Amino acid sequence: RGIAIALVLFFHYFTPLIVESKGVVPWYLTPFRTAWGGVDLFFVLSGYLIGGILLDNRQSSNLYKVFYTRRFFRIAPLYLLWLGIFIVVEIVKWMPPRTGETLFGSPLPFWSYLTYTQNFISAKRSTLGPHWLSMSWSLAVEEQFYLVVPFILVRLRAARLAPALLLFIISAPIMRCLILFKYADRGLATYVLLPCRWDALFLGVLSAYLVRQPGWSEKFQESRNTALGFLAALFPFVFWIGYQGDCLSQYSMTIGYTVLALFCTLILLLIVTSKSVERIPIVNARPLVWLGTVAYGVYMFHLGVLGIVKAYWPAPKDAAPNEWAAALAATAITMLLAALSYRYFEEPLLKIGHKIRYEKVPQSEPTATTE
């Protein structure tokens with residue numbers, strides 16, 4: 001999570017400044033242009049973590065109650081707070097006109113934000129809406145995923161899970177291609193709709209399923225060199241995604257998202273199956289662990305904070321050093337807000353959600369997974 005949110009933050013705060021800098025050979029910018037893939041890494045991690053929780057507790061008698069209660073306390077309060085601040089600031093209109101239009105102008109229907117369906121409206125209108133809430137499309141994808149995945153993992157027999165998950169993964173690039181073939185001007189739909197992005201989510205779920213199979217992690221460790229070979233083979237395709245410089249390039253919208261998700265999944269599996277994971281420096285780096293802890297707040301705040309900082313940052317706003325200073329200041333403010341939010345708002349709510357615990361079904365009782 002720390003790496004994922006760092007990529008997202010870097011992409012929105014610093015990549016534009018690097019790309020606009022002069023005297024740099026374009027292909028050197030490729031790694032920075034691919035930083036938008038932090039969202040794809042988030043999706044893989046979400047599938048892995050949520051899938052693991054559901055697989056470990058799918059025989060619980062109160063699975064749905066606990067799962068959705070905890071998801072509510074994790075996602076909804078901070079999201080609704082940020083949405084409320086958006087409404088207040090828009091009504092007061094204390095932002096400079098030009099910045100206010102970017103941050104608050106042309107919002108999607110308010111009901112769509114409340115129902116986590118703004119991604120459908122975004123797909124139809126080909127816009128993510130105002131910057132303040134433009135990142136919320138991914139929350140909508142996550143929430144819709146939460147409605148689907150528990151029933152798949154609970155209702156399907158264990159022997160059918162892997163084939164079913166593979167079908168979901170394969171279906172995503174097919175649906176993206178079909179959308180582009182029929183609606184060439186609706187490319188944003190391939191980026192924001194759940195069926196077009198659940199390849200990353202279900203790759204994470206599949207990973208959670210595989211590492212729970214007896215002996216699978218050991219076999220994967222024995223084939224580590226093969227996995228590294230696949231990772232190396234995928235790298236040129238990931239490089240090409242960055243070279244295109246756009247998450248909505250034709251290549252990204254067709255197979256690029258799946259390639260990036262596979263790349264992230266292989267790295268995840270190489271880490272979680274490692275016998276000496278505690279020796280991997282980046283996994284145990286304290287700044288990244290902390291950043292992963294406050295990642296949700298950073299994700300919610302970062303675009304709004306950047307817009308406000310740029311609006312009130314001293315002139316000249318077109319000077320490169322000044323832009324970098326504003327981005328660094330926005331980074332510091334975002335981190336501070338995220339830390340305070342987690343400590344005094346999110347963490348207490350998370351503790352409330354975790355007061356409800358999963359209850360196991362007695363062995364003698366039949367369940368959906370043993371029929």
Side-chain angles (χ1 to χ4, degrees), residues 1-17 35-36 38-39 41-42 45-46 71-96 99-100 102-105 107 113-114 116 118 128-140 142-143 285-314 317 322-353:
R1 283 199 299 266
I3 294 172
I5 193 59
L7 288 171
V8 171
L9 197 67
F10 189 91
F11 180 75
H12 286 137
Y13 278 26
F14 299 104
T15 295
L17 304 181
W36 55 263
V39 173
L41 177 55
F42 264 126
L45 290 173
S46 180
R71 288 297 89 202
F72 173 83
F73 281 106
R74 169 70 278 191
I75 301 295
L78 185 60
Y79 171 70
L80 293 174
L81 175 64
W82 197 236
L83 185 60
I85 295 174
F86 169 86
I87 295 170
V88 171
V89 175
E90 186 184 29
I91 292 174
V92 175
K93 297 186 182 302
W94 55 268
M95 295 294 294
T99 302
T102 302
L103 273 180
F104 303 99
Y113 292 113
L114 289 177
Y116 294 101
Q118 62 266 50
L128 293 177
H131 273 33
W132 188 281
L133 298 171
S134 62
M135 75 295 164
S136 66
W137 70 268
S138 63
L139 296 183
E142 290 273 358
E143 292 295 321
R286 289 188 177 182
L288 280 178
V289 172
W290 176 83
L291 189 56
T293 302
V294 301
Y296 183 46
V298 174
Y299 190 69
M300 289 297 301
F301 303 144
H302 76 286
L303 289 175
V305 169
L306 180 63
I308 293 172
V309 168
K310 283 188 173 182
Y312 291 99
W313 197 253
K317 294 177 182 175
N322 199 66
E323 292 289 333
W324 280 91
L328 289 170
T331 301
I333 294 171
T334 299
M335 296 300 177
L336 177 61
L337 286 176
L340 293 173
S341 170
Y342 185 81
R343 177 66 180 85
Y344 297 106
F345 186 69
E346 297 169 63
E347 190 175 28
L349 291 170
L350 287 173
K351 289 179 179 178
I352 294 174

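Not measured: the values here are computed from a predicted model.
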Peer 1: Rounded to the nearest 0.5 Å, how far does CG of L328 lie from CG of L17?
Peer 2: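 It is 9.0 Å, given to the nearest 0.5 Å.
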Peer 1: Quick check against the 3.5 Å criterion: does W132 have a side-chain atom that pairs as donor or acceptor with the backbone of G304?
Peer 2: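 Not at all, since once roles are kept as given, no pair shorter than 3.5 Å links the two residues.
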Peer 1: Let me confirm one number: the CH2-CD1 distance from W82 to I85, rounded to the nearest 0.5 Å.
Peer 2: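 The CD1 atom of I85 is 5.5 Å from CH2 of W82, to the nearest 0.5 Å.
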Peer 1: Indicate whether the side chain of S136 and that of Y116 have a donor and an acceptor atom separated by less than 3.5 Å.
Peer 2: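 S136 vs Y116: no donor-acceptor pair found between side chains.
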Peer 1: Spell out, as yes or no, whether a donor-acceptor pair under 3.5 Å connects the side chain of Q118 to the backbone of A140.
Peer 2: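 Flag not set: sc Q118 to bb A140 has no pair under 3.5 Å.
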Peer 1: Work out which heavy atom in P107 is nearest to a heavy atom in P130; give both atom names and the distance.
Peer 2: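 Heavy atoms only, the tightest pair is CA-CD, 3.3 Å.
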Peer 1: Is the distance between the ring centroids of Y296 and Y79 under 6.0 Å?
Peer 2: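 Ring-ring flag for Y79/Y296: false, centres at least 6.0 Å apart.
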Peer 1: Closest heavy-atom contact between M300 and M135?
Peer 2: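 Smallest interatomic distance, heavy atoms only, reads O-CE, 3.5 Å.
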Peer 1: Give a yes or no answer on whether the side chain of S341 reaches the backbone of L337 with a donor-acceptor pair at less than 3.5 Å.
Peer 2: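 Answer holds: no.
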Peer 1: Could you go through the side chain to side chain contact (heavy atoms under 4.5 Å, CB included) check for W36 and V8 one step at a time?
Peer 2: CA-CA 6 Å; W36 55 263; V8 171; over 6 Å; no
Peer 1: Can you find a pair of side-chain heavy atoms, one from F72 and one from E143, that are under 4.5 Å apart?
Peer 2: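 SC-SC contact between F72 and E143 ruled out.
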Peer 1: Is there a side-chain contact between Y299 and S138, using heavy atoms and a 4.5 Å cut-off?
Peer 2: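 When only atoms from C-beta onward are counted, S138 and Y299 do touch, with a gap below 4.5 Å.
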Peer 1: Where is the tightest heavy-atom contact between L303 and S134, given as atom of each residue plus distance?
Peer 2: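 Heavy atoms only, the tightest pair is CD1-OG, 3.2 Å.
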Peer 1: With H12, which residues qualify under ring pair (Phe, Tyr, Trp, His ring centres under 6.0 Å), at least two apart?
Peer 2: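 By the ring pair (Phe, Tyr, Trp, His ring centres under 6.0 Å) rule, H12 matches H302.
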Peer 1: List the atom of V309, the atom of A326, and the distance in Å for their closest heavy-atom pair.
Peer 2: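 That closest heavy-atom pairing would be CG1-O, 3.5 Å.
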Peer 1: Would you sort out whether F301 and L306 count as a side chain to side chain contact (heavy atoms under 4.5 Å, CB included), showing the intermediate values?
Peer 2: CA-CA 9 Å; F301 303 144; L306 180 63; over 6 Å; no
Peer 1: Show your reasoning for whether side chain to side chain contact (heavy atoms under 4.5 Å, CB included) applies to L349 and F345.
Peer 2: CA-CA 7 Å; L349 291 170; F345 186 69; 4.0 Å; yes
Peer 1: Could you tell me the separation between the CG atom of L139 and the CG atom of L133, rounded to the nearest 0.5 Å?
Peer 2: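 L139 CG to L133 CG: 10.0 Å, rounded to 0.5 Å.
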Peer 1: Drop me the distance from I75's CD1 to L80's CG, to the nearest 0.5 angstrom.
Peer 2: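 The CG atom of L80 is 11.0 Å from CD1 of I75, to the nearest 0.5 Å.
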Peer 1: Can you name the nearest heavy-atom pair linking F42 to E142, along with the distance?
Peer 2: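 Closest pair (atom of F42, atom of E142, distance): O-OE2, 4.3 Å.
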Peer 1: Please name the pair of heavy atoms, one in V305 and one in I333, separated by the smallest distance, quoted to 0.1 Å.
Peer 2: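 Heavy atoms only, the tightest pair is CG1-CG2, 3.8 Å.
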Peer 1: One pair to check against side chain to side chain donor-acceptor pair (under 3.5 Å): T334 and Y13. What are the steps and the verdict?
Peer 2: CA-CA 11 Å; T334 299; Y13 278 26; 2.9 Å; yes
Peer 1: Can you tell whether the side chains of E346 and R74 come within less than 4.0 Å, N to carboxylate O?
Peer 2: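 R74 and E346: salt-bridged.
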Peer 1: Looking at CZ of R1 and CG of L291, how far apart are the two atoms once the value is rounded to the nearest 0.5 Å?
Peer 2: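 Here the interatomic distance stands at 10.5 Å.
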